[in-house]
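Residues: numbered from 1 along the sequence shown.
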Amino acid sequence: MSPGRRWRDRPRFDTRAVHGGNASPLEACSGSPLSLPIVQSSTYSFDSPEEMVEVLSGARAGYIYSRYDNPTIHAVEEKLAALEGGDRALLFSSGLAAIHAALWSRSRDGGRLIAGRDLYGGTISLMEQLLPRLGIAISRIDLADPAAVEREIRGGACAIFLETPTNPLLRIVDGPGVARVARDAGIPVIVDNTFATPVLQNPLEWGAELVLHSATKYLGGHSDLTLGVAVGSDATIARLEHVRRTLGGSADPFAGWLLNRGLATLPIRVRRQSETAARLAAMLESEPTVSKVHYPGLASHPGHAIARRQMNGFGGMLSFELRGGLDAAMEFLRGLCCVRIATSLGGVESVASHPVTSSHRMVDPESRKAAGITDGLIRLSAGLEDPEDLIDDLRSALRRTQPASK
Ligand code: PLP
């Protein structure tokens with residue numbers, strides 16, 4: 001925002017998406033750039049060693065080294081904090097780098113993390129394959145079951161990690177409910193808000209300590225960058241900043257610039273993608289070759305009532321199960337034309353993926369089964385194409401999955 005003019009103390013969400021944190025990293029001058037400048041420098045020079053020591057010690061504001069902080073990245077972080085309603089945000093080189101740093105900062109030697117059963121496959125691999133080597137145990141449970149949550153908390157835990165809606169089954173966790181139980185027990189809640197985005201829900205308002213995103217997805221929105229973000233209070237982010245500095249995983253300024261550009265259209269993209277996903281979900285529910293549609297906007301979804309309470313819309317992601325299992329899933333994907341086959345989501349292009357062979361390929365089959373991820377499951381990310389073209393495309397691909405009539 002221009003510091004000289006204050007036309008509203010707290011601009012509305014869409015205005016923050018365009019202007020939040022856009023103070024120029026260049027010195028104030030007449031005619032400052034309207035587009036955020038990219039400060040493509042790994043390090044910063046000083047006029048004297050004393051000045052450098054002052055900046056290093058925090059006695060004077062400034063930049064030292066881009067693994068610590070960078071003016072372009074800093075401006076985007078301010079916008080992200082304004083969108084999620086936190087004091088500060090930190091950008092990371094990827095969503096998983098943000099998740100790793102967050103879990104690291106909250107883990108204790110010999111501690112135990114409680115996590116949802118249904119999560120992004122890379123997060124499950126991190127939790128099941130790497131963190132145990134550091135002495136961090138993980139209990140993955142059904143977070144929709146309050147009794148199970150309380151039981152696990154009573155058994156001692158250092159944090160709760162959850163996604164809602166979850167990847168890939170779009171399950172809904174009662175965010176405020178889990179945050180309440182965790183607060184009573186004095187443990188923090190970390191929410192991966194990638195699927196919902198701050199347009200649809202703000203977990204910090206529920207009492208979560210930290211909100212994370214794969215900014216690679218909706219926040220960037222154009223399938224052209226890889227970044228992650230964490231948002232929280234000053235104290236939480238200060239702790240995490242130390243971890244980012246020490247583990248690495250800092251963000252690149254050009255990717256940060258792309259993210260800033262994507263964020264300006266985040267609200268209109270997400271609202272339109274949510275409308276399209278709702279239409280696709282309703283269409284799929286009436287298709288005979290589809291046995292189940294997972295979309296929280298459908299009245300048939302078990303988390304529909306909770307989603308209505310805690311979200312401002314149901315999002316652009318859905319998944320569905322084909323009666324014909326693995327063969328039908330492969331045939332369906334081969335039949336797509338407008339919808340692209342890819343493993344990411346949240347971009348302007350509609351994308352379909354098969355979790356068992358892509359995002360959840362690395363997850364142990366038993367763990368996949370326990371989460372309810374079947375061979376016939378297809379995950380769909382609604383893009384910005386004309387919804388009628390998407391409906392035609394899906395219908396024609398579904399026809400290929402029909403068993404041949406005798
Ligand atoms: N969280 C969710 C819900 C995801 O779907 C993904 C990636 O697909 C990640 C985190 C990891 O993000 P990234 O690929 O940016 O590391």
Side-chain angles (χ1 to χ4, degrees), residues 95 98-99 102-103 106-107 111-128 131 136-197 200-214 230 232 294-296 301-311 314-315 317-319 355 359-360 363-364 366-374 377 379:
I99 295 171
L103 296 183
R106 266 308 178 184
S107 303
R112 200 165 51 86
L113 280 168
I114 301 175
R117 200 169 274 156
D118 182 22
L119 296 171
Y120 165 58
T123 307
I124 298 176
S125 298
L126 170 68
M127 289 179 171
E128 294 193 339
L131 294 184
I136 301 162
I138 315 284
S139 293
R140 287 186 43 233
I141 61 167
D142 178 8
L143 289 174
D145 174 0
V149 179
E150 287 193 30
R151 206 167 41 244
E152 284 298 330
I153 288 180
R154 271 201 303 277
C158 52
I160 300 182
F161 179 95
L162 64 95
E163 291 177 10
T164 182
T166 61
N167 181 0
L169 288 168
L170 283 297
R171 292 207 172 106
I172 298 293
V173 175
D174 176 353
V178 170
R180 210 173 308 116
V181 176
R183 189 176 50 240
D184 292 347
I187 60 171
V189 174
I190 302 169
V191 179
D192 181 337
N193 204 23
T194 299
F195 270 32
T197 84
L200 304 182
Q201 68 188 17
N202 293 107
L204 295 177
E205 287 175 1
W206 308 339
E209 178 183 84
L210 201 57
V211 174
L212 307 176
H213 286 269
S214 166
H294 307 280
Y295 184 64
H301 189 285
H304 180 64
I306 298 175
R308 283 192 91 89
R309 262 200 326 265
Q310 70 189 24
M311 300 178 76
F314 303 105
M317 295 300 301
L318 63 128
S319 59
S359 56
H360 291 67
V363 178
D364 162 62
E366 276 309 305
S367 181
R368 249 188 348 237
K369 201 164 153 213
I373 300 167
T374 61
L377 185 75
R379 192 188 71 188

Output the distance between atom [atom1] ([X]) and atom [atom2] ([Y]), rounded to the nearest 0.5 Å.
X    : Y    : atom1 : atom2 : value
R171 : T164 : CZ    : OG1   : 11.5 Å
L318 : L169 : CG    : CG    : 11.5 Å
L131 : R112 : CG    : CZ    : 14.0 Å
L119 : I138 : CG    : CD1   : 10.0 Å
R140 : T123 : CZ    : OG1   : 9.5 Å
I172 : R308 : CD1   : CZ    : 12.5 Å

Partners of D118 by side-chain hydrogen bond (donor to acceptor under 3.5 Å, both in side chains), sequence neighbours excluded?
T166
Would you mind listing every side chain to side chain donor-acceptor pair (under 3.5 Å) that reaches into residues 173-187, with sequence neighbours excluded?
none
Is it true that a side-chain atom of [X] and a backbone atom of [Y] form a donor plus acceptor pair closer than 3.5 Å?
X    : Y    : answer
N167 : F195 : no
Q201 : N193 : no
H301 : A307 : no

Given I190, I153, V191, V173, the one that forms side-chain contact (heavy atoms from CB on, under 4.5 Å) with I160:
I153
Residue set satisfying ring pair (Phe, Tyr, Trp, His ring centres under 6.0 Å) with F314, at least two apart, ordered chain then number -> H304
